[in-house]
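First the structure, in the form of structure tokens, and then the observations on it.
When reading the values below, keep in mind they use all heavy atoms of this one structure, side chains included, and skip hydrogens, waters and symmetry mates.
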Amino acid sequence: MIVRTRFAPSPTGFLHIGGLRTALFCWLYARRHVGTFVLRIEDTDLERSTPEAIQQILDGMEWAGLDFDEGPFFQTKRFERYKDVIDELLAAGKAYRCYCSKEELEQMRAQQIARGEKPRYDGRWRERTDAPTGVAAVVRFKNPLDGEVVVEDVVHGRVVFKNSELDDLIIARSDGTPTYNFCVVVDDMDMQITHVIRGDDHLNNTPRQQNMLLALGQRPPVYAHLPMILGPDGAKLSKRHGAVSVLQYRDDGYLPEAVLNYLVRLGWSHGDQEFFSIEEMTRLFDIVDVNKSASAFNVEKLMWLNQQHMMRAPASRIVPVLRWHLDREGIQAPDEAQLEQIVVSQRERAKTVREMALNSLFFFRAPVSYDEKAVRKHVTAEVPALLAETMRELAQLEAWTGPGIHQVISGFAVAKGIALGKLAQPLRLAVCGGTVSPPIDATLAILGKAESLARMARALQVWTA
RNA sequence: GCUCCCUUCGUCUAGUGGCCCAGGACAUUGCCCUCUCAAGGCAAGUACACGAGUUCGAAUCUCGUAGGGAGCGCCA
């Protein structure tokens, strides 16, 4: 059997972290089994679906690197097909028209709730044939009245529902348009989906869908209902926490492979392993190893993983991302080799590429001021003289490399009988304007000889004025 | 209200009857390393929701309770 999975978002908002995790699991499962991953846009809600949201979803998937093999398919382009299937069910007596008004249904529900019952349609039009004229009807699926539906879920195990709990759901509205649960069934059937992997908020929809599939003469696919992702506080994801577009994570400086690594570990694990490359997760992932319980989104761990990915990736992987973030800070087309050096020396002191870019701005812009507190602390009376002397020695240096610079500076400190810090901090302050940077030798090496000496001279001027 | 689902450190998780008075990771705290900040190393604390039962033995099996979530739309 060829595995076919699908990700079926509805374009009523942006693609958020929960949706991305569902997409990831579908994608991983398809990739792992050399199957097909289908993207389907569930846009039957004409009111709330927007083209912007569709584009957002596509962009988010692309950024994450979750490529699909078929689609995107749009449900709005398949209305003819749904209509045919509805007619088929109607003709076969597996569906029927219901002429209840919304008010009538409303009243029925209210009474049931008042009686402490589960609100559901009582099937009053199931056998009636006295159709009124001039009244638009909805079409309802004729759900079996008794017996049970057994859903064999890969993550939850066997879940049993009684047919008596289910009612005859509407599959076509009075304007003729098909409804969600029905479209899903027809689509999954037509697209020959073998594994339906989705959020466990759909677990309760599954028995109805399975019944419709059966009525259409199909064998149900394998179901896997994934646990939800909650906000950091354990409550449902809301706009306040993770419910932002996945593109926000790009803007915040996260690597897609880190985000995916973080998400794959939410509800899935492989022993004690925390770090996974994309290649490793596609090789190791399996839905049978997915947990049942919901998990809270934790940015701290995402950050840690992001840094791990930055540190382990080849610098050439990070360079274009750093360039993108620098560009957003108004710094254009820096030298490739220099960027690579910056990545190597800065990645262990930044959690995100954006942070790396921000920490590295001083490489491109000479300081316009110096951290006052630090100046008071580190630029003591004897510093200007020491600095001037260091400058003279550095000016003599032929090969401007980290080790060469290190030799000069530490040799000088030893000769003067002072701790390296006494010299390094003022130097750092002079070239960076602050007290945080890579090791001073590496910093000066990246900066270049002329720029380093110019900045020192300028600082000396300011501090002796 | 009814139906279904879930429940191991603050968080993500390992664990499928004895290897567990529960392991790893993030976070936290302390120490080491150190030219700053980090990274790294070492160490510490903190968890099987509760109650019964099955068993020689239970985080692991059964039942109940509590708490949380989802569904019950001419929304998806």
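- Atom CG in A/N163 sits about 17 Å away from atom P in B/C72, given to the nearest Å.
- Side-chain contact, A/N143 with A/N211: a donor N or O sits under 3.5 Å from an acceptor N or O.
- Within the nucleic acid shown, A/R109 comes within 4.0 Å of sugar-phosphate atoms alone, with no base atom in reach, counting heavy atoms only.
- The backbone N or O of A/L444 lies less than 3.5 Å from a partner atom in the side chain of A/S452, making a donor-acceptor pair.
- As judged by a 4.0 angstrom heavy-atom cut-off over every strand, A/T44 is placed among residues touching the sugar-phosphate backbone only.
- A donor and an acceptor atom, one from each side chain of A/N261 and A/H309, are located under 3.5 Å apart.
- A salt bridge links A/R455 with A/E451: at least one charged nitrogen is closer than 4.0 Å to a carboxylate oxygen.
- For B/A76, neither phosphate oxygen OP1 nor OP2 lies less than 4.0 angstrom from any side-chain nitrogen or oxygen of A/Q209.
- For the P atom pair drawn from B/U7 and B/C50, the interatomic distance equals 14 Å after rounding to whole Å.
- A distance of about 12 Å separates the C1' atoms of B/U16 and B/A58, rounded to the whole Å.
- Comparing the same atom, P, in B/G10 and in B/U3 gives a spacing of 33 Å after rounding to whole Å.
- Proximity of the aromatic rings of A/Y370 and A/W463 is defined here by a centroid distance below 6.0 angstrom, and this criterion is met.
- Spacing between B/G18 and B/U62 at atom P, rounded to whole Å, works out to 16 Å.
- Summarising the geometry, the separation between CG on A/D122 and P on B/C72 is reported as 18 Å, rounded to the nearest angstrom.
- For A/Y180 and B/C72, the OH to C1' distance is 15 Å, given to the nearest whole Å.
- Here, B/G64 and B/A76 have their C1' atoms 37 Å apart, quoted to the whole Å.
- Distance check on atom P: B/A44 versus B/C26 gives 15 Å, rounded to whole Å.
- In this entry the distance linking CG of A/D168 with P of B/C74 reads 13 Å, nearest Å.
- Closest contact between the side chain of A/I170 and the listed nucleotides B/U36, B/C35, B/G73 involves B/G73.
- With a cut-off of 3.5 Å on both Watson-Crick or G-U wobble distances, the partner of B/A39 is given as none.
- Interface remark: the A/R120 side chain does not form any donor-acceptor pair with the B/C72 base, using a distance-only criterion of under 3.5 Å.
- Distance, A/N306 CG to B/A39 P: 13 Å, rounded to whole Å.
- Among the heavy atoms of the strands, none lies under 4.0 Å from A/E355.
- Among the protein residues, A/D43 comes within range of no part of the nucleic acid, since none of its heavy atoms lies under 4.0 Å from any strand.
- Within the 4.0 Å cut-off from OP1 or OP2 of B/C74, not a single side-chain nitrogen or oxygen of A/T179 is found.
- In this structure, A/R140 is positioned above the aromatic face of A/Y121, its NZ or CZ under 6.0 Å from the six-membered ring centre and within 45° of the axis.
- A/R365 forms no cation-pi arrangement with A/F362, by the criterion of a distance under 6.0 Å to the ring centre and an angle within 45° of the ring axis.
- At whole-Å resolution of the value, CG in A/L226 and P in B/A70 are 16 Å apart.
- A/Q346 comes within 4.0 angstrom of nothing in the nucleic acid, heavy atoms only.
- Residue A/M311 is in sugar-phosphate contact alone, with no base atom involved, counting any heavy-atom pair closer than 4.0 Å across all strands shown.
- For A/Y262 and A/F297, the gap between ring centers is short of 6.0 Å.
- When both distances must be under 3.5 Å, the Watson-Crick or G-U wobble mate of B/U55 does not exist.
- Phosphate proximity of B/U13 to A/S295: present, with a side-chain N or O under 4.0 Å from OP1 or OP2.
- Counting any heavy atom pair closer than 4.0 Å across all strands shown, A/C100 reaches a base atom.
- Considering only heavy atoms from C-beta on, A/F363 comes within 4.5 Å of A/I446 through its side chain.
- Distance noted for atom P between B/A14 and B/A70: 23 Å (whole Å).
- Side-chain atoms of A/Q75 and A/D187 form a donor-acceptor pair, as typed in the model, at a separation below 3.5 Å.
- Distance from the side chain of A/D167 is smallest for B/G73 among the nucleotides B/A39, B/G73, B/A76.
- B/A25: Watson-Crick or G-U partner is B/U11, with both key distances under 3.5 Å.
- Using a 4.0 Å heavy-atom distance criterion, A/G267 is classed as a sugar-phosphate-only contact.
- A salt bridge between A/E148 and A/K162 is absent, with no side-chain N of the basic residue lying under 4.0 Å from a carboxylate O of the acidic one.
- In the set B/G73, B/A76, B/C12, B/C12 carries the atom at the smallest distance from any side-chain atom of A/A296.
- Residue-to-nucleotide proximity on RNA chain B shows that, of A/N291 and A/H406, the 5′-proximal contact is made by A/N291.
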With the sugar-phosphate defined as primed atoms, P, OP1 and OP2, and the base as all remaining atoms, what B/S/- string results for nucleotides 1-9 of chain B, 5' to 3', for protein heavy atoms under 4.0 Å? BBSBSSS--
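- Within 4.0 Å of A/P438, counting heavy atoms only, lies at least one base atom of the nucleic acid.
- Using modelled atom types and a 3.5 Å distance limit, the side chains of A/Q425 and A/T435 yield no donor-acceptor pair.
- Both distances falling under 3.5 Å, in either a Watson-Crick or a G-U wobble arrangement, place B/C50 opposite B/G64.
- As judged by a 4.0 angstrom heavy-atom cut-off over every strand, A/T435 is placed among the base-contacting residues.
- Of the N and O atoms on the side chains of A/Y96 and A/D168, at least one donor lies less than 3.5 Å from an acceptor on the other residue.
- Side-chain atoms of A/V138 and A/R97, non-hydrogen and from C-beta on, never get closer than 4.5 Å to each other.
- Heavy atoms of A/S10 sit under 4.0 angstrom from primed sugar atoms or phosphate atoms, though from no base atom.
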Do any N or O atoms of the protein come closer than 3.5 Å to N or O atoms of nucleotides 24-28 of chain B, and which pairs are they?
unit_1: B/G24; atom_1: N2; unit_2: A/E274; atom_2: OE2; d: 2.8
unit_1: B/A25; atom_1: O4'; unit_2: A/E274; atom_2: OE2; d: 3.4
unit_1: B/A25; atom_1: N3; unit_2: A/K301; atom_2: NZ; d: 3.4
unit_1: B/C26; atom_1: OP1; unit_2: A/W304; atom_2: NE1; d: 3.4
unit_1: B/C26; atom_1: O2'; unit_2: A/K301; atom_2: N; d: 3.3

Evaluate side-chain contact (heavy atoms from CB on, under 4.5 Å) for A/I86 paired with A/F182, printing each intermediate quantity in order. CA-CA 9 Å; A/I86 288 166; A/F182 176 73; 3.5 Å; yes
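- For the C1' atom pair drawn from B/G45 and B/A52, the interatomic distance equals 32 Å after rounding to whole Å.
- A/R208 and A/D167 are joined by a salt bridge, as a carboxylate oxygen and a charged side-chain nitrogen come within less than 4.0 angstrom of each other.
- Following rounding to the nearest Å, A/K377 (NZ) and B/C35 (P) show an atom-to-atom distance of 14 Å.
- Using the Watson-Crick or G-U wobble rule with both distances under 3.5 Å, B/C4 pairs with B/G69.
- Rounded to whole Å, the distance from CE on A/M108 to P on B/C74 is 10 Å.
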Protein-nucleotides 48-50 of chain B N/O pairs closer than 3.5 Å?
none

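- The residue A/D175 sits apart from the nucleic acid: no heavy atom pair falls under 4.0 Å.
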